Structures are given as C-alpha cells and as structure tokens.
Amino acid sequence: MQGFFDDSELPTVSKRKSKKLSCLQCKLYSDCISPRMLPSGDGKKGIYVLAEAPGRTEDEEGVQLVGKAGTFLKDMLAPMGVVLDRDCIKDNAVRCRPPKNRTPSDIEIESCRLNILESVEKYAPKLILLFGAPALESFVGARFKKALGGISKWRGIVFPDRTYNAWVAPLFHPSFVMRSEKKPVIKKIFGDDVQAALEYLSVPLPQIQDEADCVRIVEGFALETLLSGLLERSKNEKIKLAFDYETTGKKPHAPGHEIVAASLCWDGETSYAFKFPLREDELTLFKRVLRSPRIAKTAHNIKFEDTWSSVILGVKVAGWEWCSMQGSHIINNKPGITGLKFQAIINFGLFGYAEEIEPFLESIDPKNANSFNRVKEIPEKKLLTYCGIDSLVQYRLALKQGPKIADIARSQRM
Ligand code: SF4
C-alpha cells in the first residue's frame with residue numbers, strides 16, 4: 001500500500017530508514033576474506049534462509065552456514081524433510097564478515113539491505129526464514145518505521161508478505177539456540193517454530209485487494225440510506241458490525257473533545273467511512289444502529305468506542321459481541337503485538353497504513369490523559385480512508401479469530 005501523504009504534509013518523523021546506504025558507508029568488505037558473499041544453495045523447495053552474517057568458517061570457505069550454527073540448522077531441518085543446501089537459498093543480512101564476529105550494526109544492515117531484497121526478488125521464494133534480529137531488521141525494518149522489538153516478539157509468527165509473494169517466518173538464530181543449551185525449552189521452541197513455518201510451504205498466499213480500495217466515503221442521503229438499510233436488514237437477520245472512531249484524543253471527558261470520523265464494516269469486503277459532526281437525521285439513525293441489540297458489534301478495544309459513544313453521543317452501545325484486541329490477547333499474549341496495526345501485518349501482510357497518520361493522533365501533551373491530538377490537521381479523505389481500513393481490518397480479524405479461539409478452547413478441554 002502506498003503512503004497517504006506527500007513529505008510536505010508529514011510531521012517530523014525519523015528519516016533514518018530512508019537514507020540510501022551502500023558498501024561505501026558500510027566498509028565491511030575491506031576487512032574479510034570473502035567480501036560480498038553471494039547467496040548459495042539450490043533452493044529446490046523455494047525456501048530463502050536469511051541468517052545474520054558470515055562467521056569465521058563461512059568467511060574462510062566463502063559459503064553461508066557451514067560453521068557450527070549452520071551444521072546445527074542443517075541437522076534440525078533434515079528430519080523435517082529439508083536439505084539445507086539443496087532446498088534453500090542461503091544468505092546473510094550482511095554479506096561480509098564483521099570483525100571478531102560482532103553483531104552487525106544498524107548502518108551495516110541497512111547498507112546491505114538492497115542486496116538482500118534484490119536477491120529475494122530474483123529467487124522469488126515461497127517461504128522466507130529470518131534467523132535472528134539482524135535478519136528481521138534487514139528484511140522487515142524498512143517497512144516498519146517504529147522499533148521492531150526483539151526477535152522474541154516476532155518469533156512464532158508466520159505472515160504473508162504481499163511485496164515478495166511469500167510467507168515470512170522470523171525465528172531465533174541457531175547460534176542463540178546453541179548458546180541456550182542449559183535451557184532445553186529454547187531448542188524445543190525453535191524446532192516447533194521451524195516446523196510450523198515449513199508447513200506454510202503448502203499453504204496458498206491469500207489474495208487481498210488493496211484495503212484503501214475497499215473504503216467508501218459516504219455522507220448525506222447515501223449515509224442515511226446505508227444506515228436505514230442496515231436497521232431494516234437487522235429485523236430479519238443478525239448482522240455483525242465492526243465499527244471504529246477517530247477522535248480528538250484518547251479520552252473524551254475534557255470539554256471540547258469530539259468524534260471526528262467513524263467507519264462501519266459488516267461484510268469484510270467494503271467499509272463505509274463518514275465524517276462527524278453528523279446532521280440530526282443521520283445522527284438519529286447512527287444512534288439507533290448503536291443501540292440495536294440485533295446488530296452485533298465488534299471493535300478493537302471496545303472500551304474506547306463504548307466510552308466515546310457514551311460520553312459524546314449519550315448512547316449505551318448494545319450488542320457488543322467481540323473485541324478483536326481481547327481475541328489477539330487470547331491467541332498470543334506477547335507484549336507489543338495485540339495492537340490493530342501489528343495484527344494487520346501478521347494476519348494480512350498489511351504494512352504501514354497507519355505510520356503517516358499516527359503522529360497526528362499522538363497527544364499534544366503526553367502527560368495529560370485528556371489531552372487533544374492533531375487529528376483535525378489530517379486531510380479529510382485521508383482520515384476517512386484510514387478510519388475505513390481500521391474497521392475493515394477489525395472485521396476480518398474477528399472473523400479469523402473466532403475459529404482459532406474455538407480451537408484453543410477445545411484443546412484446553414481435552
Ligand atoms: S556487508 Fe553488504 S553493504 Fe557491507 S560491504 Fe559487505 S556487501 Fe557491502
């Protein structure tokens with residue numbers, strides 16, 4: 001998905017990841033035996049293995065993953081039906097050995113990134129295994145402007161990558177697993193993660209339409225028709241509705257706070273976004289939708305939509321059915337992964353739709369919970385598109401979570 005803004009419209013954000021770097025800035029080539037080591041392996045199963053950096057043995061032999069960590073990985077993959085050199089393409093986040101095997105720096109990883117991405121494009125793998133934090137930073141870092149968090153946050157996740165048409169699995173680095181021999185659970189987790197990732201070789205990648213194209217911006221008669229139609233349909237069938245607000249702050253209680261936009265999605269295909277304030281007849285219909293117990297509501301963190309509906313619109317929302325944030329906690333309760341934007345990446349491969357908008361949603365006074373933000377500076381169409389994508393993703397997420405949580409509940413009863 002393309003960004004929403006021209007550079008001139010953006011508030012100050014880090015440009016660290018947009019600099020063009022190369023071997024000239026990195027210089028690792030100048031102090032190793034096998035500089036600029038090209039990927040190796042036959043790649044028969046379409047697996048791209050990205051490790052950290054060549055070690056001493058790799059540098060001496062000019063081939064990736066032939067030292068202790070590589071042998072460990074090879075031995076682990078073999079019983080899973082994967083021959084490392086035959087079935088995989090092997091590469092490193094930096095292609096020259098760092099002195100004394102030190103961890104590559106961010107600048108070195110960034111300098112080498114283009115080499116890696118060009119090779120991934122060339123080999124067009126079905127599955128990309130990212131071993132360790134430098135591999136994660138190399139492959140994902142340019143598309144994720146916030147701090148990535150450690151590999152522990154990402155491991156165990158397999159997500160669809162729409163840019164490279166492949167499944168991507170971040171994993172511990174084999175060296176870390178070897179160093180953790182006193183904690184056998186680490187080896188067990190690593191083996192389970194690798195096995196789970198390999199199963200995706202036979203899973204087709206989801207074909208997902210650009211979410212921005214699924215958002216319809218509605219107002220006036222079109223909005224009234226939409227809301228009346230929804231209420232009418234709810235007389236005969238139960239409707240599942242994801243809804244989302246954009247607001248002037250995190251909490252609605254300080255005088256002057258407003259709901260600025262809302263969006264609704266009830267089929268997972270199209271999302272309808274509209275701006276506030278609504279005209280009186282539109283508002284009446286919208287409140288009826290919120291109050292209808294026959295329209296089952298979903299949101300990501302329902303406390304937010306519930307509180308703003310109550311304080312700003314004076315409506316007690318009926319029919320709450322699903323909180324996709326709670327669902328995310330139940331499925332995987334690691335810190336830092338249950339937010340909607342992270343869930344959009346790991347479930348749908350949707351990167352970056354919020355990164356340009358979020359600085360405007362930050363509190364002007366971070367120490368004050370009732371502080372205002374700069375949401376009103378966001379151009380209207382962009383805000384509504386962003387809001388629409390939120391409810392679309394929420395709906396799809398809730399749909400995906402239901403069967404997973406039922407499986408978890410079943411396995412706990414056994
Ligand atoms: S690690 Fe990559 S960017 Fe750095 S010198 Fe070697 S090939 Fe060039």
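Position 1 is the first residue of the sequence, and the numbers go up from there. As a basis for the values below, the full set of heavy atoms in this structure was taken, side chains included, without hydrogen atoms, waters or symmetry mates. Note that the structure is predicted; figures quoted are calculated from it, not measured. Indexing begins at 1, ligand by ligand and atom by atom, following the structure's order.
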Does N347 reach the main-chain N or O of Q343 with its side chain, forming a donor-acceptor pair under 3.5 Å? yes
Please check if any side-chain donor atom of Y353 sits under 3.5 Å from a side-chain acceptor atom of T385, or the reverse. no
Taking atom types as modelled, is there a side-chain donor on S40 or Q64 under 3.5 Å from an acceptor on the other? yes
For Y29, the ligand 1 atoms whose distance to one of its heavy atoms is below 4.0 Å: 5 (S)
Interatomic distance, SG@C265 vs CZ@R396, rounded to 0.5 Å, equals 7.0 Å
Under 4.0 Å from a heavy atom of L28: give me the atoms of ligand 1 that qualify, with their elements. 5 (S)
Compute whether any side-chain donor of one residue and acceptor of the other, for Q401 and S328, lie under 3.5 angstrom apart. yes
Show the atoms of ligand 1 that are less than 4.0 angstrom away from any heavy atom in C26. 1 (S), 3 (S), 4 (Fe), 5 (S)
Consider only side-chain N and O atoms of S234 and E237, and report whether a donor and an acceptor are under 3.5 Å apart. no
Can you figure out which of P35, C32, C23, C96 has its heavy atom closest to atom 6 (Fe) of ligand 1? C96
Give me the one residue out of W266, W320, Y395 that meets ring-ring contact (aromatic ring centres under 6.0 Å, His included) with F243. W320
With a 4.0 Å cut-off on heavy atoms, is E108 touching ligand 1? no
Number the atoms of ligand 1 from 1 as they appear, then name those within less than 4.0 Å of a heavy atom of V94, with their elements. 1 (S)
Using a 4.0 Å cut-off to any heavy atom of S111, which atoms of ligand 1 qualify? 3 (S)
Protein heavy atom at shortest distance from atom 7 (S) of ligand 1: R36 CG, 3.5 Å
Near C112, which atoms of ligand 1 are under 4.0 Å from a heavy atom of that residue? 1 (S), 2 (Fe), 3 (S), 7 (S)
